[in-house]
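Contents: one structure, followed by commentary.
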There are 2 protein chains.
Amino acid sequence: MSSGRELFARDGPEAQMDEIAARAGVGIGTVYRHFPTKEALLTAMVRDRFQEFAEIATLAEDTIDPRHALETVMRRSAEAVEGDVGFQLAMMGSNQLEWEGIEEQKAVLAAVVTRIIRRAVDAGVVSDDFTFEDFGMVMCGITSTMYYKPGGADWRRHLAITVHGIRPPVRDVEQESA
Amino acid sequence: MSSGRELFARDGPEAQMDEIAARAGVGIGTVYRHFPTKEALLTAMVRDRFQEFAEIATLAEDTIDPRHALETVMRRSAEAVEGDVGFQLAMMGSNQLEWEGIEEQKAVLAAVVTRIIRRAVDAGVVSDDFTFEDFGMVMCGITSTMYYKPGGADWRRHLAITVHGIRPPVRDVEQESA
DNA sequence: CAGCATACGGAGCTAAGATTCCGTTTGTCA
DNA sequence: TGACAAACGGAATCTTAGCTCCGTATGCTG
């Protein structure tokens with residue numbers, strides 16, 4: 001199972017049951033005795049790792065500086081999926097695939113991140129219409145750089161551009177007073 | 001072939017040869033008489049549509065305002081892949097999959113977009129380290145919103161954030177004179 | 001119209017990969 | 001040690017989808 005994770009990290013959902021079993025040093029039958037279907041196995045691995053997001057966000061919430069807190073969640077989340085193709089796909093498709101049992105973890109993540117965002121908004125360091133949904137959207141974008149441009153474009157650069165992009169628009173005095 | 005495009009737009013590379021043939025009102029054999037393999041068929045369709053990017057960029061180059069020109073390429077490119085899952089994947093993976101015969105179109109696109117970027121940089125409306133590679137990277141990100149959050153997050157919002165993000169960083173006088 | 005060529009259709013072949021099933025091994029209890 | 005149970009392994013099965021092949025239809029030429 002933990003060996004399956006290595007393969008999942010390398011090949012994503014394409015990872016083959018035979019190979020997973022071989023890597024784990026067991027027969028295919030044994031794998032199926034633990035997980036009724038391949039999907040169940042994938043789900044278990046994703047749920048397992050998805051947990052990390054909530055932990056990352058929770059840790060980041062301790063950061064005093066509001067902007068730094070938000071940037072930390074984003075960076076750490078990206079780092080968490082780095083080098084794990086399966087996890088990258090899981091993050092990007094987290095709302096289109098209905099992975100069983102991930103709902104609650106997602107709820108926790110949403111709650112924490114929403115608080116972090118609100119704090120940044122209140123501090124005026126992030127555009128006041130920035131939402132948790134936006135967070136998922138831009139993280140998906142940053143992850144797409146890892147997934148689709150491996151060894152090419154640098155996702156940290158994408159992150160930097162994004163972080164810059166979610167800052168409040170520059171307003172002149174007239175607009176602000178209006 | 002044009003009917004294959006509809007299926008490709010809906011299902012991406014998952015589109016099945018049987019269905020493509022049926023949709024076209026011909027037998028599978030006939031499809032294979034025109035395209036030796038499925039990949040050849042997909043390549044032909046992608047090459048066909050990829051052409052549009054170069055056209056879009058070329059048209060946008062006429063725009064006088066440098067920032068507007070760049071934003072137009074980005075928006076039009078995104079609009080071009082909207083609603084076409086196959087094309088979305090093609091755009092995102094354009095540099096990992098080696099689609100035959102796309103190289104030259106990509107070269108044209110690179111040349112035109114690079115000029116547009118340079119103009120924007122020279123006008124000081126875009127960060128001066130923004131490159132064509134960055135362009136591909138952020139477009140991939142925006143496209144990922146369409147692909148992974150269909151009916152969910154709004155890619156135009158992602159575009160707006162990105163456009164904001166590639167602006168030059170705000171510098172105070174001291175930094176500028178340094 | 002006969003003969004030939006070209007293009008078509010789609011049943012069937014093949015490969016790949018998930019899943020099943022049963023003979024075998026391992027472990028436990030008396 | 002013998003009997004039973006639980007877990008294992010992996011060959012065989014099933015399914016899907018790309019691709020091939022050959023009998024047939026269409027069309028052209030003399």
Side-chain angles (χ1 to χ4, degrees), chain A residues 1-50 84-90 92-94 96-102 147-148 150, chain B residues 1-50 84-90 92-94 96-102 147-148 150:
Chain A
M1 152 93 168
S2 69
S3 61
R5 197 178 293 169
E6 289 170 27
L7 275 176
F8 185 57
R10 194 190 69 191
D11 302 337
E14 312 267 274
Q16 286 165 24
M17 295 304 267
D18 303 23
E19 209 178 342
I20 290 175
R23 182 73 75 99
V26 300
I28 308 175
T30 301
V31 174
Y32 276 92
R33 210 157 295 108
H34 291 302
F35 303 96
T37 64
K38 178 177 181 177
E39 201 187 334
L41 172 58
L42 296 182
T43 299
M45 287 191 291
V46 168
R47 183 168 42 212
D48 220 34
R49 290 222 61 188
F50 212 85
D84 187 330
V85 169
F87 202 21
Q88 284 162 21
L89 281 167
M92 292 194 289
S94 59
Q96 70 175 356
L97 303 184
E98 281 310 324
W99 276 309
E100 230 172 291
I102 284 199
Y147 186 78
Y148 292 104
Chain B
M1 154 94 167
S2 68
S3 61
R5 198 177 295 170
E6 288 170 27
L7 275 178
F8 185 57
R10 194 190 68 192
D11 302 336
E14 312 268 273
Q16 286 165 25
M17 295 304 269
D18 301 24
E19 208 178 343
I20 290 174
R23 182 73 76 98
V26 301
I28 308 176
T30 302
V31 173
Y32 277 93
R33 210 157 297 109
H34 291 302
F35 303 96
T37 64
K38 179 178 182 177
E39 201 187 334
L41 172 57
L42 295 183
T43 299
M45 286 192 292
V46 168
R47 184 168 41 211
D48 219 36
R49 291 221 60 189
F50 212 85
D84 186 331
V85 169
F87 202 20
Q88 284 163 20
L89 281 168
M92 292 193 289
S94 59
Q96 69 176 355
L97 302 185
E98 282 309 323
W99 275 309
E100 228 172 294
I102 283 198
Y147 185 78
Y148 291 104

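Every chain is numbered from 1 and lettered A, B, ... according to where its sequence line falls, protein lines coming before strand lines.
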Could you pull out the protein-nucleic contacts involving nucleotides 4-6 of chain D (nitrogen or oxygen on both sides, under 3.5 Å)?
none

> Starting at CG of L42(B) and ending at C1' of dA17(D), how long is that distance when rounded to a whole Å?
Replying inline: 13 Å
> Of all heavy-atom pairs between V26(B) and V31(B), which one has the smallest distance, and what is that distance?
Replying inline: CG2-CG2, 4.0 Å
> Of the nucleotides dG18(D), dC8(D), dA7(C), which one has an atom closest to the side chain of T30(A)?
Replying inline: dC8(D)
>> Without decimals, in angstroms, what is the distance between M17(B) CE and dG9(C) P?
In response: 14 Å
>> Based on the rotation axes of five pairs at each end, what angle does the helix from dC1(C)-dG30(D) to dA30(C)-dT1(D) bend through, to 10°?
In response: 10°
> Nearest to the side chain of R33(B) - dT20(D), dG9(D), dG9(C)?
Replying inline: dG9(C)
>> With rounding to the nearest 0.5 angstrom, report the CE to CZ distance, M45(B) to F35(B).
In response: 7.5 Å
>> Output the rounded distance in Å from OH (Y32(B)) to C1' (dT20(D)).
In response: 10 Å
>> Please report the distance, rounded to the nearest Å, between CG in L41(B) and P in dG18(D).
In response: 10 Å
> To the nearest Å, how far apart are E39(A) CD and dG17(C) P?
Replying inline: 18 Å
> Of the non-hydrogen atoms in Y148(A) and L89(B), which two are nearest, and what is the gap between them?
Replying inline: OH-CD2, 3.7 Å
> Given atom CG of D18(B) and atom P of dC8(C), what is their separation to the nearest angstrom?
Replying inline: 17 Å
